[in-house]
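Throughout, residue positions are numbered sequentially from 1 according to the sequence presented. Computed from heavy atoms alone, side chains included, the values below leave out hydrogens, waters and symmetry copies.
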Amino acid sequence: MSDVMQASPVAAQRENRQVKLVKMAGFGAGERSTVAISVATALAILLLWWLVAALGIVPHLFLPRPDEVLTQIGVICRDGYAGASLSEHVAASLFRIVVAALIAISAGIPLGLLMGLNRWAKGVLDAPIEFYWPLPPLSYLPLMIIWLGIGETSKITLLVLAMFAPICLSAQAGVRSLPIERVNAARSLGASRLQLFIDIVLPSALPEILTGIRIALGVGWSTLVAAELIASTRGIGFMIMSASQFLATDVVFVGIAIIAACAFTFSAAIRFLETYLVPWKGKL
């Protein structure tokens, strides 16, 4: 009895102690937002640009000041450029990018998943994709002109080829990285092939697919200037190339800024889809 009475105060003291939660140390960039760092970096780059241009370190012909570029944006918005308004140039480029992206996504994702699931499909499709994927789009631009002419078909085909490979290969990588334990667990629970694909394979490959789409859109925007070399009279890439021939550097900077803004908007949309469709990414 005395042992119980002596032990009870110790137990009471243990119960009165507050439980201390230990937070695990993060790894890599962590979960904290980097928006402030990015904004500060962008402002520093703009300030450096203005100083270099204002001090004449680089001749004005090659590097206008940021305020001059902003003024030129207003002029192009008001008067247009090369016989077309700014909205017509942007709409022409967006039409080509969006149509090409839809074609590349609708073809690249199913073929990539098939390559990840079937060795015959991988054996047949892997060689041609790996052959043309490292080639710069300008290398097969002449073939597009010879085969498809100088209309919209050749421009969109060039963009589709540039965007198809990243999407297809990322879908294949998503399937190949699927842990076999998940597949075996689903099979042991009686999942059919269709259920296995819909509930296990596709969700596991989705993060890789979205990453591949982001990369493909970046490649598409970088290929846009080359695509609009083909007898174009509209488009941001056409505007940049036309301005470069007349050494209108401020107009070139305007076109670059528009492409950067459009590309950032597309990338932000894919990031939003990632948070909605794959909220578990990076947490498992």
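Cluster note: Leu51 groups with Leu47, Trp50 through ILVMFWY side-chain heavy atoms spaced under 4.5 Å, whether in direct contact or through intervening members.
A 4.5 Å side-chain heavy-atom check between Ile198 and Gln195 finds every atom pair outside the cut-off. Two residues are said to be in side-chain contact when any heavy atoms from C-beta on lie closer than 4.5 Å; Pro59 and Leu63 fail this criterion. Contact check for Ile258 versus Met239: side-chain heavy atoms found under the 4.5 Å cut-off. At least one side-chain heavy atom of Thr211 sits under 4.5 Å from a side-chain heavy atom of Glu274. Between Val254 and Leu70 the shortest side-chain heavy-atom distance does not fall below 4.5 Å. Taking the side chain as every heavy atom from C-beta outward, Arg193 and Leu196 never approach each other to under 4.5 Å.
Under the side chain to side chain donor-acceptor pair (under 3.5 Å) criterion, Ser267 pairs with no residue at all, not counting sequence neighbours. Residues meeting the ring pair (Phe, Tyr, Trp, His ring centres under 6.0 Å) test with Tyr81, sequence neighbours left out: none.
Crowding of Tyr132 atom OH: a count of heavy atoms from other residues, nucleotides or ligands under 6.0 Å exceeding 12. At most 12 non-hydrogen atoms from other residues, nucleotides or ligands lie less than 6.0 angstrom from CZ of Phe95.
Applying the ring pair (Phe, Tyr, Trp, His ring centres under 6.0 Å) test to every pair with at least one member in residues 102-125, sequence neighbours left out, gives no pairs at all. Here salt bridge (Lys or Arg N to Asp or Glu O under 4.0 Å) pairs that include residues 236-250, with residues two or more places apart or in two chains, number zero. The ring pair (Phe, Tyr, Trp, His ring centres under 6.0 Å) pairs that include a residue from residues 239-260 are Trp49-Phe253, where partners are two or more places apart or lie in different chains. Screening residues 193-223 for ring pair (Phe, Tyr, Trp, His ring centres under 6.0 Å), with sequence neighbours left out, gives Trp221-Phe266. Sorted by first and then second residue, the pairs that involve residues 48-72 and meet salt bridge (Lys or Arg N to Asp or Glu O under 4.0 Å), not counting sequence neighbours, are Arg65-Asp67, Arg65-Glu68. Within the structure, the salt bridge (Lys or Arg N to Asp or Glu O under 4.0 Å) test picks out the following pairs touching residues 216-240 (sequence neighbours left out): Glu88-Arg234, Arg96-Glu228.
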Show every donor-acceptor pair shorter than 3.5 Å between a side-chain atom in residues 153-162 and any protein atom, with sequence neighbours excluded, or say none if there are none.
| unit_1 | atom_1 | unit_2 | atom_2 | d |
| --- | --- | --- | --- | --- |
| Ser154 | OG | Gly149 | O | 3.0 |
| Ser154 | OG | Gly151 | O | 3.0 |
| Lys155 | NZ | Ile150 | O | 3.0 |
| Lys155 | NZ | Gly151 | O | 3.3 |
| Lys155 | NZ | Ile230 | O | 2.8 |
| Thr157 | OG1 | Thr153 | O | 2.6 |

Contacts under 3.5 angstrom, residues 166-181 side chains, donor-acceptor by atom type, not counting sequence neighbours:
| unit_1 | atom_1 | unit_2 | atom_2 | d |
| --- | --- | --- | --- | --- |
| Ser170 | OG | Pro166 | O | 3.0 |
| Ser170 | OG | Ile167 | O | 2.8 |
| Ser177 | OG | Ala173 | O | 3.1 |
| Ser177 | OG | Gly174 | O | 3.1 |

Please list, one pair per line, the donor and acceptor atoms closer than 3.5 Å that link side chains of residues 103-110 to other protein atoms, with sequence neighbours excluded.
| unit_1 | atom_1 | unit_2 | atom_2 | d |
| --- | --- | --- | --- | --- |
| Ser106 | OG | Leu102 | O | 2.9 |
| Ser106 | OG | Ile103 | O | 3.0 |

Could you check Ile129 against Met115 for side-chain contact (heavy atoms from CB on, under 4.5 Å), going step by step and ending with a plain yes or no?
CA-CA 11 Å; Ile129 292 175; Met115 289 173 65; 4.0 Å; yes

Pair Val69-Val251, side-chain contact (heavy atoms from CB on, under 4.5 Å): steps then yes or no:
CA-CA 7 Å; Val69 175; Val251 179; over 6 Å; no

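Separation of atoms CD1 (Ile240) and OG (Ser244) is listed at 8.5 Å; rounding is to 0.5 Å. Distance check: Leu189 CG to Asp199 CG gives 11.0 Å after rounding to the nearest 0.5 Å. For the atom pair CD1 of Ile200 and CZ of Arg187, the computed distance is 11.0 Å after rounding to the nearest 0.5 Å. Note: Tyr140 OH to Ile145 CD1 = 13.0 Å, rounded to the nearest 0.5 Å.
A continuous path of hydrophobic side-chain contacts links Leu117 to Leu111 [ILVMFWY only; heavy atoms under 4.5 Å]. One hydrophobic cluster, built from ILVMFWY side chains closer than 4.5 Å, holds both Ile236 and Leu141. A continuous path of ILVMFWY side-chain contacts below 4.5 Å connects Leu48 to Phe62, so both sit in one hydrophobic cluster. Under the 4.5 Å side-chain contact rule for hydrophobic residues, Ile259 and Val219 do not share a cluster. Leu138 and Phe131 end up in the same hydrophobic cluster when Ile, Leu, Val, Met, Phe, Trp and Tyr side chains are linked at under 4.5 Å.
Contact record, Met163 with Ile97: CE-O, 3.9 Å, taken as the closest heavy-atom pair. The shortest non-hydrogen separation linking Gly235 to His89 is N-ND1, 3.1 Å.
Between the side chain of Ser242 and the backbone N or O of Phe238 there is no donor-acceptor pair closer than 3.5 Å.
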